[in-house]
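Accompanying notes for the structure given below.
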Amino acid sequence: MIAARLVLLWALAFGPPEVEPAPVVAPAPAPEVEPEPDQAQQPSGFVITPGVAPPRNTWPYQQLCDLEPALRPACLMLGAELFSGYQYQNTGGQGFSEFLLDRAELGSEMIWRPITQLDAGARVRLEALRSAGPDSLQGIDGNALVVRAAQAFGHLATHLGPIDLGLRVGLVPERWVEQVEKGYDTRAIAPLGSERRGFFDTADLGASLTISGWRSLVELDLEFVNGEGRSQREQNTGKNTTVMLTVRPLRRPTKAGPVELALHGIFRDGSLGPASARNHRTGGALSFRSPWAFAGGEYVRAFGYRERGDVQADLVSAWASARVAPWGAKHFDPTKRFAPWGGVYLHYEHARLDVSVANAAIDSLGAGAFAELFPYVERNARRVRLYVGYQWDGYGPNAGGLPGSPAAQTTHRVLVTLHLLGLARLHLERR
């Protein structure tokens with residue numbers, strides 16, 4: 001108590017005792033931060049950068065490039081695709097083998113998006129094929145491979161709320177083949193039945209309009225083309241007018257890619273040749289695709305077939321393919337940049353070349369396995385796939401081949417096919 005009173009008297013008389021202040025430490029200077037190399041002294045303008053996002057095939061709703069008018073207003077794409085392999089064929093007890101080049105294509109496309117509501121671009125795609133037709137013995141330099149235009153068109157797309165409109169003009173793709181093939185993953189081993197049997201060509205000169213709604217859940221395609229395919233100029237005043245409807249009642253996104261079910265229907269009013277021979281088509285198809293399996297079927301009827309307006313023909317085909325074996329990892333992840341895997345496929349086709357003639361049908365059955373190096377999500381950008389399969393073709397007595405010789409109406413094939421695909425995308429970015 002006495003000590004406390006002495007301290008209080010001292011404070012009242014002389015003030016609180018002095019305390020030595022803590023030394024002041026100057027703050028350390030901030031380190032100099034060097035700007036990023038692509039931003040250091042970067043003048044305003046454009047730079048080229050490679051595409052990184054997985055490409056999609058939902059034109060006109062989405063392009064194969066991710067475009068933003070303020071950031072990435074343009075894109076250049078370069079692509080190549082190759083189907084090549086070996087075939088052993090046995091017909092009527094006679095064996096024959098050959099190396100094949102079923103497809104060799106090279107193409108480029110430029111796309112611009114000046115504003116969010118508008119896309120414009122042009123595509124040119126070249127293909128190599130035999131110069132002689134399937135019923136010809138001589139072409140150029142025997143039957144040499146020649147290069148022709150597979151596709152060459154300009155396109156324009158507008159985006160108005162939930163509706164997307166797309167216009168193509170030039171050598172435009174056949175929308176039946178293009179739409180149905182989205183649910184068909186084994187084109188390298190065999191085309192769609194309707195393409196293989198000549199019910200549809202893959203391109204024609206003219207124009208097509210696509211009206212797509214609600215992120216391509218419903219699409220209406222209108223085509224107005226010459227009708228002579230790619231091998232002839234227009235030979236009559238008529239044009240082929242086609243209406244096609246696609247509805248996708250099921251679509252579910254997953255980490256590996258979309259799961260989608262699509263229904264297709266088509267009607268075509270057409271003419272062919274100088275005599276304007278009837279060349280109409282009706283048909284329907286169902287297709288399913290997912291990162292793990294593809295399946296579908298189509299029915300097409302032709303009113304006028306193979307330049308004969310009086311002939312009616314029809315076709316039924318079905319297909320399925322599925323992943324069955326992941327390689328190189330205990331738990332398969334299809335989103336990896338390199339993810340080898342294996343699968344199996346099955347095709348069936350029944351084509352009546354003239355419905356009014358008995359025994360004028362061709363049946364085809366194919367099955368096999370394949371090995372793939374890259375995941376599903378990369379399927380439109382890169383592919384290295386090897387097929388090994390078997391195909392059986394059975395011809396009715398009035399379906400071609402060698403009529404009257406039943407032993408020659410059955411063909412067995414063993415196929416080894418390599419499918420290579422590559423797509424490079426370069427974005428034009430604003431800086």
Side-chain angles (χ1 to χ4, degrees), residues 125 127 129-140 146 148-153 168-181 191-210 221-245 264-285 298-317 349-357 360-362 395-396 398-401:
R125 194 168 181 90
E127 66 176 351
L129 74 161
R130 290 294 177 185
S131 55
D135 299 322
S136 303
L137 298 178
Q138 289 293 324
I140 298 174
V146 297
R148 72 169 178 180
Q151 299 176 5
F153 60 87
R168 291 168 166 175
V169 179
L171 185 60
V172 298
E174 168 58 55
R175 283 295 276 173
W176 176 262
V177 176
E178 189 176 35
Q179 290 276 45
V180 177
E181 274 193 350
L192 283 173
S194 55
E195 177 189 346
R196 181 186 180 194
R197 298 302 175 188
F199 286 78
F200 293 101
D201 201 350
T202 56
D204 205 340
L205 282 168
S208 65
L209 174 67
T210 299
D221 290 295
L222 306 174
E223 288 183 357
F224 191 67
V225 297
N226 281 346
E228 309 297 337
R230 293 171 291 170
S231 58
Q232 295 285 351
R233 299 188 65 175
E234 177 65 291
Q235 296 181 319
N236 59 68
T237 58
K239 295 291 180 289
N240 279 16
T241 303
T242 303
V243 179
M244 179 178 177
L245 178 66
H264 313 274
I266 191 171
F267 172 77
R268 185 178 81 185
D269 179 84
S271 59
L272 187 65
S276 298
R278 182 178 64 167
N279 197 34
H280 308 327
R281 299 288 185 271
T282 61
E298 62 174 344
Y299 173 79
V300 179
R301 190 174 184 95
F303 300 88
Y305 183 63
R306 292 183 175 176
E307 302 184 11
R308 290 186 55 188
D310 60 325
V311 172
Q312 293 188 35
D314 66 359
L315 171 137
V316 177
S317 69
E349 178 185 309
H350 176 77
R352 294 191 297 172
L353 307 186
D354 189 339
V355 298
S356 65
V357 177
I362 302 175
Y395 291 79
N398 299 316

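Keep in mind that the numbers below use all heavy atoms, side chains included, and drop hydrogens, waters and symmetry copies.
For Ala285 against Val180, the heavy-atom pair with the smallest separation is CB-CG2, 4.1 Å. Residues Gln235 and Gly273 share a closest heavy-atom pair of OE1-CA, 3.4 Å. Smallest separation of non-hydrogen atoms from Ser271 and Asn236: OG-OD1, 3.0 Å. Considering every non-hydrogen atom in both Asp201 and Val177, the closest pair reads O-CG2, 4.0 Å. Taking every heavy atom of both residues into account, Gly193 and Leu315 meet most closely at O-CD1, 3.4 Å. Shortest non-hydrogen contact noted between Tyr299 and Asp314 is OH-OD2, 3.2 Å.
Every residue two or more places apart in sequence or in another chain that forms a side chain to side chain donor-acceptor pair (under 3.5 Å) with Thr210 is listed here: Asp221. The side chain to side chain donor-acceptor pair (under 3.5 Å) test applied to Arg306 returns no partner, not counting sequence neighbours. With sequence neighbours excluded, the residues that form a side chain to side chain donor-acceptor pair (under 3.5 Å) with Gln151 are Arg123.
Looking at Val169 and Phe153, their side chains never come closer than 4.5 Å, going by heavy atoms from C-beta outward. With contacts defined as side-chain heavy-atom distances shorter than 4.5 Å, the pair Gln312/Arg301 qualifies. In this structure, the side chains of Lys239 and Asn226 come closer than 4.5 Å at one or more pairs of heavy atoms. Considering only heavy atoms from C-beta on, Glu349 stays 4.5 Å or farther from Glu298 through its side chain.
Remark: Glu223 does not engage Arg281 in a salt bridge, criterion side-chain N to carboxylate O under 4.0 Å.
To the nearest 0.5 Å, atoms OG1 (Thr202) and CG (Leu171) are separated by 8.0 Å. The line from CG of Asp310 to CG of Asp354 is 7.5 Å long, rounded to the nearest 0.5 Å. Annotation: the span from Phe303 atom CZ to Asp269 atom CG amounts to 11.5 Å, rounded to 0.5 Å. Note: Leu192 CG to Glu178 CD = 12.0 Å, rounded to the nearest 0.5 Å.
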Exercise for review: Carefully, step by step, assess Glu195 and Glu174 under the rule side chain to side chain contact (heavy atoms under 4.5 Å, CB included).
Suggested key: CA-CA 10 Å; Glu195 177 189 346; Glu174 168 58 55; over 6 Å; no
Point to revise | Worked verdict on His280 versus Thr282 for side chain to side chain contact (heavy atoms under 4.5 Å, CB included) | key: CA-CA 7 Å; His280 308 327; Thr282 61; over 6 Å; no
Practice item. Walk me through it: do Trp176 and Arg268 pass the test side chain to side chain contact (heavy atoms under 4.5 Å, CB included)? Key: CA-CA 11 Å; Trp176 176 262; Arg268 185 178 81 185; over 6 Å; no
Exercise for review: Step by step, work out the side chain to side chain contact (heavy atoms under 4.5 Å, CB included) result for Val146 and Leu129.
Suggested key: CA-CA 6 Å; Val146 297; Leu129 74 161; 4.1 Å; yes
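Across Asn279, Leu272, Val311, a single residue satisfies side chain to side chain contact (heavy atoms under 4.5 Å, CB included) together with Tyr305, and that is Val311.
Atom CD of Glu307 has 12 or fewer neighbouring heavy atoms from other residues, nucleotides or ligands inside a 6.0 Å radius.
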